[in-house]
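Letters A, B, ... mirror the listed sequences (proteins, then strands); counts begin at 1. As a basis for the values below, the full set of heavy atoms in this structure was taken, side chains included, without hydrogen atoms, waters or symmetry mates.
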Amino acid sequence: MNIVSTLQNAVAQAVEQLYGEATDPSKVLVNPTPPDFTGDYSVVIFPFVKVAKKSPDAAASAIGEYLAKNVADIKAFNIVKGFLNLEINDAYWQGFLQSVVSDSTYGRLPSNGKKVMVEFSSPNTNKPLHLGHIRNILLGWSCSNMLQAVGYEVVKTQIVNDRGVAICKSMVSWLKFGEGKTPESTGIKSDHFVGDWYVLFEQKSKEEYGAWQETAEAKSLFESKRKPEQLEKDFFKDFKNKWFNEYSILGAEVREMLLKWEAHDPETLALWKKMNDWVYAGFDKTYGDLGVSFNKLYYESDTYQLGKDIVEDGLTKGVFFKKEDGSIWLDLTDAGLDQKVVVRADGTSLYITQDLGTARMRHHELGCERYVYVVADEQNYHFQVLFETLKRLEEPYAAGLHHLSYGLVELPTGRMKTREGTVVDADDLITEVIRIATEQSKDRGEAETLSEAEKRENLRRVGMGALKFFIVKVHPKKKMIFNPEESVDLQGQTGPYIQYSYVRINGLMQRVEKEGIDLSSANRYTSIQPQEKELLVAIQDYQNVVLKGAEEYDPSLVANYSYDLAKKYHRFWHDLSVFNAETPEARAFRLTLSRAVGQVLKSSMGLLGVSGGM
RNA sequence: GGUCCCGUAGCACAAUGGAUAGUGCAACAGAUUUCUAAUCUGUAGGUUACAGGUUCGAGCCCUGUCGGGAUCACCA
């Protein structure tokens, strides 16, 4: 058993024996002792002073005596201001170290027989992926990995938003202005190619709107509908949607396209399929670069009609109600939310209708215990409504729904805005971090032994490791600033810094292999140093970190842990000699310890999707 | 305006209600001429936005204020 749980249990037992009060062992606080104090772990005694009816130090002393007597692994204890500091026997650490290196799955839990779905990425098909998608994808991916590590079977899904106004804009634009060009003929990556037509559409539309504003019709509309004091500029800004739907020629073409699509017009469907396929080919490349994949894809074109049956249900159950115009509503005001339309007056479905239907369908198909939606925080309200609705419908899976909400990513240059063309493209960013990694390696002078291809692959790994680590180290809920230059820095809190620790360890292990060094004398090493102890304590903590990360859907815990471990290893490396250790036992011990650190680093970084060099 | 989220060093980020609020970058001062120098150590930098409250103990929980963001469509 983990020493921390051993201690928790023993303390709970002590409290019960000494003071007759039952205590939940998992509530006993056992933390690594801060470096300034003597000890490996510290028990917080304050919670027990009331039942002990003693001063904190006296209670600590009594509990300490009890532990020293009853827990074989405890070597000594001391008390500082209500904290009971415990020293653990070297024999325990020896055994622990051996158990780690002999267990290739260390940190992972066996299957728990439960299933969880994680939905992430879920892009629109009218333009390429951008920086926001990268955060989404990395969060989804690492959460999937963490859940898997703690025993879940994970189904990774995305819903591809392949229909609707957006893709129709690209289609209209390409038909009108495309002159039959293709990704092949232009040499443009195919999802970017489709996105370019979307951008062109928006440009043309803007031009049309500008021209229209000069017409007599527009002027008189402004005069008759303006609010008092409203400037012409502001009026037309507000009016844009209405204009697009009722006055725009391009807008009319898009609506026609959409109607034809919904009527299954063969030519429209063929065009739609062609453009979407271009986009998918492009996405696949980006997903490949990021090293992610999915188990199951859902397409909005298949699911957008879904949800009518669930709405029927809701009507029968009285969860929903119908207004005179035929639209169906849901009143959530008692939950602090608003009224919400779930089906339009004309009987067509909305975003929420679709999500209701998809939720039920997926549960029938997958039968998961939990469903995690990785979606940006601008949709917090939507998910509140969605989950509350499913709860009221008494859907059996409602309690297992979770919105993993994440904040905006910005660059140091400022916020991304579609309209201002400052959106950071995912592919560009990937290229950029690899470029920076390459540039930095030039200053250093890389190992000459590698082939060109190997060097390139190394740099790609460094760049991707940098990108991934930098993004995932921040708590999902917080908005963050991604600094490409800083991310690739080889010093500091970065992916490459951690990757290097691993490379270093790998180098050691290869040498062990080559020289046939015998590590079996490791357990005869009797003077564990502080730098070694802090590594052991950190390794011990790994399984808890993974568990917590999975429970809280928070990969930043694993990222910060990895950095911390790498940092401790560097300190160890600097202060103590490994190969040139004082004795053969010390050498064997340190090599074994290094192996364990490498093993954990590989595992923890692997959870984050960073496998580069590992 | 209602609702929700955020506010920690110059900057970027940590900190299950527990000890003196940490880490990196940037700055300064050193060490290590090795086991790959992609390293390490030290100095400096803080009224944790502000004001109250709960607690043995609050960056964390509660109330209010200020600042920033998101959202309040028969869009997705």
Paired stems touching RNA chain B, three or more consecutive Watson-Crick or G-U pairs with both distances under 3.5 Å? B:1-7 with B:66-72, B:10-13 with B:22-25, B:27-31 with B:39-43, B:49-53 with B:61-65
Say we look at B:U3 and B:C13: how far apart would their C1' atoms be, to the nearest angstrom? 29 Å
Judged by modelled atom types alone, do A:Y373 and A:Q379 share a side-chain donor-acceptor pair under 3.5 Å? no
May I have the distance from A:Q339 (atom CD) to B:G2 (atom P), rounded to whole angstrom? 20 Å
Quick one, which residues of residues 320-331 of chain A touch RNA chain B with a heavy atom under 4.0 Å? A:D325, A:S327
Indicate yes or no for a side-chain donor-acceptor contact from A:T583 to the backbone of A:A586 under 3.5 Å, with no hydrogens or angles considered. yes
If you measure from the P atom in B:G46 to the same atom in B:U23, how many Å do you get, rounded? 16 Å
Can you measure A:N483 atom CG to B:G24 atom C1' for me and round it to whole angstrom units? 12 Å
By the 4.0 Å heavy-atom rule, please label A:Q384 as base, sugar-phosphate, or nothing. nothing
Write out all pairs satisfying salt bridge (Lys or Arg N to Asp or Glu O under 4.0 Å) with one or both partners inside residues 24-42 of chain A, taking only residues at least two apart or from two chains. A:D24-A:K27, A:D40-A:K533
Hey, which sits more toward the 5' end of RNA chain B by its nearest nucleotide, A:L557 or A:N124? A:L557
If we take the P atom in both B:U39 and B:U48, what is their distance in whole Å? 33 Å
Going by atom types alone, do A:N126 and A:S170 pair a side-chain donor with an acceptor below 3.5 Å? no
Atom CG of A:L332 and atom C1' of B:C72: how far apart are they, to the nearest Å? 13 Å
Under 3.5 Å, is there a donor-acceptor pair linking the side chains of A:T348 and A:D346? yes
Across nucleotides 30-36 of chain B, 5' to 3', mark each nucleotide with B, S or - according to how protein heavy atoms within less than 4.0 Å reach it. -----BS
When you compare B:G68 with B:U8, how far apart are their P atoms, in angstrom units rounded to a whole number? 14 Å
Quick one: A:N241 CG to B:C74 C1', roughly how many Å, whole number? 14 Å
Could you tell me whether A:K308 and A:E312 have a side-chain N and a carboxylate O separated by less than 4.0 Å? no
Distance, P atom - from B:U63 to B:U43, rounded to whole angstrom: 41 Å
Separation of the P atoms in B:C4 and B:A9, to the nearest angstrom: 26 Å
Identify whether any heavy atom of A:D377 sits under 4.0 Å from a base atom; if not, whether one sits that close to sugar-phosphate; answer base, sugar-phosphate or nothing. sugar-phosphate
Between A:Y298 and A:S122, do the side chains contain a donor N or O and an acceptor N or O under 3.5 Å apart? no
Under 3.5 Å, is there a donor on one side chain and an acceptor on the other for A:D162 and A:S301? yes
Whole angstrom is fine here: how far is it from CD in A:Q491 over to P in B:A26? 7 Å
Which sits closer to the 5' end of RNA chain B, A:N161 or A:Y563, going by the nucleotide each is nearest to? A:Y563
Polar contact flag, side-chain donor to acceptor under 3.5 angstrom, A:N85-A:S42: yes
With sugar-phosphate meaning primed atoms plus P, OP1 and OP2, does A:Y381 contact a base, only sugar-phosphate, or nothing at under 4.0 Å between heavy atoms? sugar-phosphate
A:K340 side-chain N/O to A:T389 backbone N/O, donor-acceptor pair under 3.5 Å: no
Polar side-chain atom of A:N245 near backbone of A:N241 as donor-acceptor pair, under 3.5 Å: yes
Taking the C1' atom in each of B:A49 and B:G69, what is the distance between them to the nearest angstrom? 16 Å
Could you list, one pair per line, each protein nitrogen or oxygen that sits under 3.5 Å from a nitrogen or oxygen of nucleotides 10-13 of chain B, together with the distance?
{"from": "B:C13", "atom 1": "OP1", "to": "A:I481", "atom 2": "N", "distance (Å)": "2.9"}

Determine the Euclidean distance between corresponding C1' atoms of B:A58 and B:A21; express it in Å to zero decimal places. 12 Å
How about A:E513: does its CD atom have over 12 heavy atoms from other parts shown lying under 6.0 Å from it? no
Taking the side chain as C-beta and beyond, is there a heavy-atom pair between A:Y299 and A:L297 under 4.5 Å? yes
Look at A:E432 together with A:R435 and state whether they make a salt bridge at an N to O cut-off of under 4.0 Å. yes
Check the surroundings of atom CZ in A:R163: do more than 12 heavy atoms from other residues, nucleotides or ligands lie under 6.0 Å from it? yes
Contact check, side chains of A:L601 and A:S501, non-hydrogen atoms, under 4.5 Å: yes
Using nucleotides 17-21 of chain B, report all nitrogen or oxygen pairs with the protein that are shorter than 3.5 Å.
{"from": "B:A19", "atom 1": "N6", "to": "A:S42", "atom 2": "OG", "distance (Å)": "2.6"}
{"from": "B:A19", "atom 1": "N6", "to": "A:N85", "atom 2": "OD1", "distance (Å)": "3.3"}
{"from": "B:A19", "atom 1": "N1", "to": "A:N85", "atom 2": "OD1", "distance (Å)": "3.2"}
{"from": "B:U20", "atom 1": "OP1", "to": "A:K81", "atom 2": "NZ", "distance (Å)": "3.2"}

